[in-house]
2 protein chains.
Amino acid sequence: MPPSTTAASAAAPSSTKSATSEGSEERFLHSPLAREVAFLTARARGRGNALANQLLADLDLKVRHFSVLAMACSGTNPSQRELGGFLDLDPSQVVALVDVLEGRGVIRREPDPRDRRSKILVATEAGQELYAQAARRTREAEDQTLKKLSSAERDQLRELLARIVF
Amino acid sequence: MPPSTTAASAAAPSSTKSATSEGSEERFLHSPLAREVAFLTARARGRGNALANQLLADLDLKVRHFSVLAMACSGTNPSQRELGGFLDLDPSQVVALVDVLEGRGVIRREPDPRDRRSKILVATEAGQELYAQAARRTREAEDQTLKKLSSAERDQLRELLARIVF
DNA sequence: TGATAATATTGAGAAAGTCAATGATTTGGC
DNA sequence: GCCAAATCATTGACTTTCTCAATATTATCA
């Protein structure tokens with residue numbers, strides 16, 4: 001038996017080209033998925049990540065490396081486990097990331113005076129300098145992705161996101 | 001020669017256990033990274049995804065499958081290429097996802113009357129039913145992840161995110 | 001018509017994520 | 001103080017996801 005609904009009855013994609021740079025996405029803007037914050041955050045993260053990775057490329061960094069470098073520069077002296085918890089990384093991923101950054105001489109593993117199992121991450125001088133350069137680029141990336149938002153709206157977005165993830 | 005800066009001078013993680021369920025993250029809350037929306041969206045996406053995947057598990061769905069099912073159910077009749085663009089998926093990933101969903105009989109590839117290269121995605125009856133069940137679960141997941149936000153704040157968050165990703 | 005581009009597909013390889021096992025160490029109960 | 005259980009970093013295997021190039025079919029357009 002044939003399905004009750006006949007498909008492909010509403011689409012008219014190729015006729016009108018949008019004036020802006022966007023393609024045929026207006027059609028999907030009112031779909032239920034486009035209202036889910038899970039979808040929206042996934043897309044925001046995807047776009048932001050891609051742009052940031054692009055801007056960090058000439059420093060041989062990806063956002064994942066930048067994130068651990070940033071934490072090593074933060075003065076909070078995180079252990080690897082704490083870092084993994086904060087960045088949502090498996091312990092094994094942490095050692096891999098720390099290995100490459102330590103291999104580049106930008107961070108160090110230091111013994112934790114309170115617990116000899118644990119290792120504390122700190123940035124070297126070179127690490128601080130690299131972080132300074134990288135942070136400029138990620139700020140640029142953030143500015144770009146938030147360009148449609150006012151300063152107040154950016155703070156608002158930050159605050160709302162912080163409320164749901166902490 | 002010893003390094004100029006002595007590390008591990010400020011941490012006191014294990015002494016006070018937080019009253020809530022969170023661990024030692026308060027220490028990192030004022031780090032620069034915690035103010036970056038790239039980081040916040042990544043974390044939000046990670047948490048949301050994990051919870052949604054959990055709630056969808058008994059339907060043998062992940063959010064990635066749910067997303068294409070949702071679009072197939074939306075009445076917008078997306079082509080595979082359009083779907084990939086909207087969901088930030090490589091064409092090859094789209095065919096893989098569509099293959100499994102079509103194999104389960106919940107969506108169909110239909111010929112695009114305007115372009116015989118392209119294939120349009122529509123949901124079957126079984127697909128609509130599966131989507132109804134799945135959507136309940138993702139709504140539950142969203143409600144859970146946004147539980148600290150008022151209804152107005154949720155709308156605000158949705159609107160701000162939509163502005164930056166569309 | 002013929003050249004160029006776009007669509008879905010395949011396949012290969014890299015990157016990222018997941019998980020279990022292990023040695024060293026700490027913690028907590030006794 | 002001692003022993004069992006838990007925790008931390010690490011390794012290695014494995015799965016999933018991502019990325020990219022090549023291809024056959026079909027559209028577009030000069």
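Small disclaimer: the values here were computed from a predicted structure and weren't measured.
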Problem - By salt bridge (charged side-chain N to carboxylate O under 4.0 Å, His left out) - contacts of D99(A) (at least two apart) - result: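 Applying salt bridge (charged side-chain N to carboxylate O under 4.0 Å, His left out) to D99(A) gives R109(A).
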Practice task
Could you pull out all residues at least two apart from D143(A) that satisfy salt bridge (charged side-chain N to carboxylate O under 4.0 Å, His left out)?
Solution key: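 Listed in chain order: R154(A).
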Exercise for the section: Mark yes or no for whether R27(A), through its side chain, and T76(B), through its backbone, hold a donor-acceptor pair below 3.5 Å. Expected result: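 Side chain of R27(A) to backbone of T76(B), a donor-acceptor pair under 3.5 Å: yes, one is there.
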Answer yes or no: is there an ion pair linking [X] with [Y], defined by an N-O contact shorter than 4.0 Å?
| X | Y | answer |
| --- | --- | --- |
| E36(B) | R139(A) | no |
| K148(A) | E153(A) | no |
| R104(B) | D60(B) | no |
| R35(A) | E142(B) | no |
| D112(A) | R117(A) | no |
| E25(B) | R43(B) | yes |

Practice task
Figure out the CG/C1' separation between D112(A) and dT7(D), and round it to whole Å.
Solution key: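 One finds 13 Å between C1' of dT7(D) and CG of D112(A), rounded.
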Problem - Between P of dA16(C) and CG of N49(A), the distance in whole Å - result: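 Checked: the CG to P distance equals 10 Å.
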Practice task
Show which residues join V95(A) in its hydrophobic cluster (side-chain heavy-atom contacts under 4.5 Å, direct or indirect), or state none.
Solution key: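 Listed partners: none, V95(A) stands alone.
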Practice task
Just jot down the side chain to side chain contact (heavy atoms under 4.5 Å, CB included) partners of Q128(A), sequence neighbours excluded, or say none.
Solution key: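 Q128(A) satisfies side chain to side chain contact (heavy atoms under 4.5 Å, CB included) with C73(A), A123(A) once adjacent residues are dropped.
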Just the atom pairs and distances: protein N or O near nucleotides 1-5 of chain D's N or O, under 3.5 Å.
none

Exercise for the section: Give me the residues of residues 53-67 of chain A where at least one heavy atom lies under 4.0 Å from an atom of DNA chain D, by number, or none. Expected result: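 Nucleic-acid contacts, sorted: none.
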Practice task
List for me each residue that meets side-chain hydrogen bond (donor to acceptor under 3.5 Å, both in side chains) alongside R136(B), sequence neighbours excluded, and say none if there are none.
Solution key: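 Testing R136(B) for side-chain hydrogen bond (donor to acceptor under 3.5 Å, both in side chains), a comparison that skips the adjacent residues, returns none.
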Polar atom pairs between nucleotides 3-10 of chain C and protein, under 3.5 Å, N or O only, would you list them?
from, atom 1, to, atom 2, distance (Å)
dA6(C), O4', R117(B), NH1, 3.4
dA6(C), N3, R117(B), NH1, 2.7
dT7(C), OP1, R81(B), NE, 2.7
dT7(C), OP1, R81(B), NH1, 3.3
dT7(C), OP2, R81(B), NE, 3.1
dA8(C), OP1, Q80(B), N, 3.0
dA8(C), OP1, R81(B), N, 3.3
dA8(C), OP2, R81(B), N, 2.8
dA8(C), O3', K119(B), NZ, 3.3
dT9(C), OP1, R109(B), NH1, 2.9
dT9(C), OP1, K119(B), NZ, 2.8
dT9(C), OP2, Q80(B), OE1, 2.9
dT9(C), OP2, Q80(B), NE2, 2.6
dT9(C), OP2, R109(B), NH1, 2.5

Taking distance alone, no hydrogens or angles, what donor-acceptor pairs closer than 3.5 Å link side-chain atoms of residues 63-72 of chain A to residues at least two apart or in another chain?
from, atom 1, to, atom 2, distance (Å)
H65(A), ND1, K62(A), N, 3.4
S67(A), OG, V63(A), O, 2.8

Practice task
Please answer: with hydrophobic residues joined when any side-chain heavy atoms are less than 4.5 Å apart, are I164(A) and F28(B) in the same cluster?
Solution key: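 Yes, one cluster joins them.
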Practice task
Return the angle between end axes of the helix from dT1(C)-dA30(D) to dC30(C)-dG1(D), with five pairs used per end and rounding to 10°.
Solution key: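 What I find for the helix from dT1(C)-dA30(D) to dC30(C)-dG1(D) is an axis angle of 40°.
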Practice task
Kindly write out the residues that satisfy ring-ring contact (aromatic ring centres under 6.0 Å, His included) with F39(A), not counting sequence neighbours, or none if the list is empty.
Solution key: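 F86(B).
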Just the atom pairs and distances: protein N or O near nucleotides 22-24 of chain D's N or O, under 3.5 Å.
none

Handout entry: Under-4.0 Å side-chain N/O to phosphate OP1/OP2 contact, R116(A) with dC8(D)
Key =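 Looking at the OP1 and OP2 atoms of dC8(D), neither is under 4.0 Å from any side-chain N or O of R116(A).
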